[in-house]
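Below is one structure; the comments refer to it alone.
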There are 2 protein chains.
Amino acid sequence: MKLTLEEIGRMAGVSRSTVSRVVNNEKSVRPEVRERVQAVISETGYRPNAAARSLASNRTGVIGLVIPHRVHTLFDDPYFALLIQGVSKACNTAETTLALFIFQTEAEEEELYPRVVAAGNVDGVIVTATRMGDPLLERLTRGDLPFVVVGRPDVAEGITYVDADNIGGARSAALHLCDLGYRRIGYIGAPTNTTAGIDRRTGFLEGLTMCRASPADALMTDGDYTEMSGYRAMQSLLPAEPEAVFVATDTMAIGALRALTEAGVSVPNDMGLISFDGLPPSERSVPKLTTVRQPVTATGARAVELLLGLVNGDILQPVHEVMPTELVIRESCCSARLTETSLTDN
Amino acid sequence: MKLTLEEIGRMAGVSRSTVSRVVNNEKSVRPEVRERVQAVISETGYRPNAAARSLASNRTGVIGLVIPHRVHTLFDDPYFALLIQGVSKACNTAETTLALFIFQTEAEEEELYPRVVAAGNVDGVIVTATRMGDPLLERLTRGDLPFVVVGRPDVAEGITYVDADNIGGARSAALHLCDLGYRRIGYIGAPTNTTAGIDRRTGFLEGLTMCRASPADALMTDGDYTEMSGYRAMQSLLPAEPEAVFVATDTMAIGALRALTEAGVSVPNDMGLISFDGLPPSERSVPKLTTVRQPVTATGARAVELLLGLVNGDILQPVHEVMPTELVIRESCCSARLTETSLTDN
DNA sequence: AGCGCTCTCGGGAGCGCTCCCAAGGAGGGG
DNA sequence: CCCCTCCTTGGGAGCGCTCCCGAGAGCGCT
């Protein structure tokens with residue numbers, strides 16, 4: 001038996017319209033009628049047809065999460081798994097369906113607009129991992145589909161985004177190293193064609209400046225978010241003999257740690273290591289990494305809330321939201337150093 | 001300007017129906033007319049409205065990927081990231097939209113049927129990580145929505161699924177250890193309320209039998225797919241002094257390796273280690289893990305193909321598909337042992 | 001008693017597509 | 001030359017919902 005509004009109406013002795021009002025929780029329905037209709041609905045397990053609903057209302061109840069093609073190789077970075085989880089969870093509570101768009105090629109990415117957006121498949125999209133001058137972002141800005149960016153976009157005007165406090169977090173990491181008495185501090189960064197890379201670098205340098213340590217070019221290099229790039233970067237830094245290194249992501253830090261292990265450099269005894277992200281692997285390494293944790297799932301969830309706000313018009317002005325980070329002290333920095341310094345000071 | 005079939009028709013001087021035929025690539029349209037319509041379509045960037053289309057045709061062009069709530073804690077297992085990638089890629093090439101359903105609670109999971117299926121949101125679903133007597137699977141079997149299971153379901157009759165060759169792969173791992181001369185071989189398994197856990201155990205035991213090694217209860221234990229469970233399991237196995245251990249998943253093997261590192265047991269010198277899955281982390285550990293690789297992304301892609309076949313009626317009988325595995329020899333088993341044995345034999 | 005207001009409810013219209021039927025023209029065979 | 005068939009095209013009828021308008025009932029007020 002095909003259940004429709006009409007059919008439910010017949011069974012409850014009311015019209016299609018009234019059933020619709022009950023389903024959509026509109027007020028002007030007498031309580032007793034509402035109850036009667038509710039009863040029929042739960043008896044029959046009726047659910048309004050999604051397609052008909054979106055055709056008539058111009059709303060789909062679906063939002064998209066877009067993961068651009070650049071990321072594909074780095075998808076083993078657990079960051080995205082966590083982000084997806086946060087987004088998914090928020091979608092579930094909002095009774096919204098999550099459509100996932102993972103692109104492996106530029107061509108696929110360009111299909112997004114025609115195939116998904118123009119067809120009206122989604123009410124809005126969340127975009128991650130944009131890069132400087134990202135054409136996707138530009139395209140989105142020109143269109144009128146609501147969207148939220150995860151991570152600060154390079155041109156942010158008119159764009160709603162939610163980002164981690166990369167600058168503040170990186171600054172606190174640098175300060176922490178300084179506090180522990182480290183002076184020759186190295187840096188393995190994220191690509192500077194991403195705002196996260198820029199911001200973490202900025203924060204790191206700010207931190208150094210605040211404690212009057214000065215960065216040396218020989219101590220600074222960049223990776224590309226992969227574990228392997230962290231591995232290589234650390235190898236290239238070793239000759240400069242840093243006392244400690246700040247690595248801009250956990251995944252690269254794991255790679256860096258591997259390079260150190262192979263080189264027989266003990267962490268934290270011979271070198272301090274601090275990273276950024278606070279993902280699960282960072283507490284399963286040996287030694288466990290001291291890191292700046294960012295709230296990844298919360299970020300994803302917040303992005304959904306903002307997008308939904310945009311979609312149903314609760315939010316009218318672009319919102320820029322910064323999620324706080326937190327320094328998580330574990331085993332990869334030597335607290336003995338602090339003690340030494342303190343003793344000297346006393 | 002709102003583009004519709006009608007509008008495009010007007011512009012091309014034909015009717016709505018003809019445009020529809022062109023869009024859907026039906027034959028009976030004169031080539032010249034077809035071309036004229038095509039031209040207007042690409043000029044205007046027209047795309048048929050998805051909602052209207054599914055309302056009229058009863059097909060949504062969306063498939064769901066369901067990840068049950070049990071998995072949520074183990075989501076940091078890169079297996080799922082790879083699976084999602086495979087599924088997503090296949091969806092992209094098939095011009096199908098992927099809806100992702102990740103459930104964190106049993107309650108959310110139960111909402112799947114009413115909210116998603118009854119509302120006609122998807123044409124079919126792919127379900128992963130089912131367990132014995134999974135109520136979700138049972139519900140799906142009763143309904144008439146096409147679905148494909150990733151991993152062998154415990155009752156497989158009437159169900160289309162695609163699974164890795166867990167038995168064969170585990171057997172080859174056991175045989176490999178035997179070949180290398182290991183005799184006291186330990187086993188850290190996956191939960192035996194999952195068919196993967198059962199099958200890998202079965203394969204492992206088959207392998208031992210084939211080379212006349214006999215399993216000892218003291219050498220066999222199970223984890224729960226998490227890294228931590230692998231860590232603990234290895235600790236519990238250490239007193240029994242196995243010469244080598246087969247761990248049923250990479251993630252648990254990484255945990256086991258961590259336990260060994262902490263205990264000062266060197267791999268492969270003091271103990272051989274082999275695992276199953278062949279995920280990226282297995283080649284970034286120190287030492288790199290010898291493992292049985294299963295084709296995760298291919299599995300996901302195959303699941304999509306099967307589901308699509310089911311959806312449009314190309315496949316009428318349930319299909320059971322087994323993906324081959326491959327032994328990847330790296331550093332965690334001692335080939336020196338083989339040499340020793342060989343030497344003795346000579 | 002009459003007026004106007006609010007609350008409740010029903011039904012028409014239409015969202016943009018697919019499906020189907022029928023009409024018209026072209027072409028082949030008797 | 002006519003009839004039958006096939007190919008091509010157009011348009012009607014929905015798919016199941018939302019939105020909107022208007023009718024009727026009930027109420028308080030003058």
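All chains are named by letter (A, B, ...) in the order of the sequence lines, taking the proteins before the strands, and each is independently numbered beginning at 1.
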- Message: Could you tell me the Watson-Crick or G-U partner of D/dT30, where both distances fall under 3.5 Å? Say none if there is no partner.
- Response: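 Answer to the pairing question: C/dA1, which forms a Watson-Crick or G-U pair with D/dT30.
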I need the [atom1]-[atom2] distance between [X] and [N], as an integer number of Å.
X	N	atom1	atom2	result
B/K2	C/dC15	NZ	C1'	8 Å
A/N49	C/dC17	CG	P	17 Å
A/N24	D/dC19	CG	P	8 Å
B/E7	C/dC15	CD	P	12 Å
A/R47	D/dC17	CZ	C1'	16 Å
A/L5	C/dG12	CG	P	16 Å
A/R53	C/dG14	CZ	C1'	18 Å
A/R10	C/dG11	CZ	C1'	17 Å

If only side-chain N and O atoms of [X] are considered, is one of them under 4.0 Å from the OP1 or OP2 phosphate oxygen of [N]?
X	N	result
A/Y46	D/dG16	no
B/S57	C/dC17	no
B/N58	C/dT18	no

Between [X] (side chain) and [Y] (backbone), is there a donor-acceptor pair under 3.5 Å?
X	Y	answer
A/R36	A/A12	yes
A/N193	A/M132	no
B/T128	B/V66	yes
A/R34	A/K27	yes

- Earlier contact from the 5' end, DNA chain C, for B/A51 and B/E26: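 The residue mapped nearer the 5' terminus is B/A51.
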- Judged by modelled atom types alone, do A/R47 and B/N121 share a side-chain donor-acceptor pair under 3.5 Å?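 On atom types as modelled, these side chains do not qualify, holding no pair under 3.5 Å.
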Can you establish whether the number of heavy atoms outside [X] located under 6.0 Å from its atom [atom1] is more than 12?
X	atom1	answer
B/N312	CG	yes
B/D144	CG	no
A/E35	CD	no

Nucleotide N/O to protein N/O under 3.5 Å, stretch nucleotides 23-28 of chain C:
none

- Item | Straight-line distance of B/T130 OG1 to B/E138 CD, nearest 0.5 Å |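 Interatomic distance, B/T130 OG1 to B/E138 CD, rounded to 0.5 Å: 12.5 Å.
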- Message: Generate the contact string for nucleotides 5-13 of chain D. Rules: B means base contact, S means sugar-phosphate contact only, - means no protein heavy atom under 4.0 Å.
- Response: ---SBBBBB
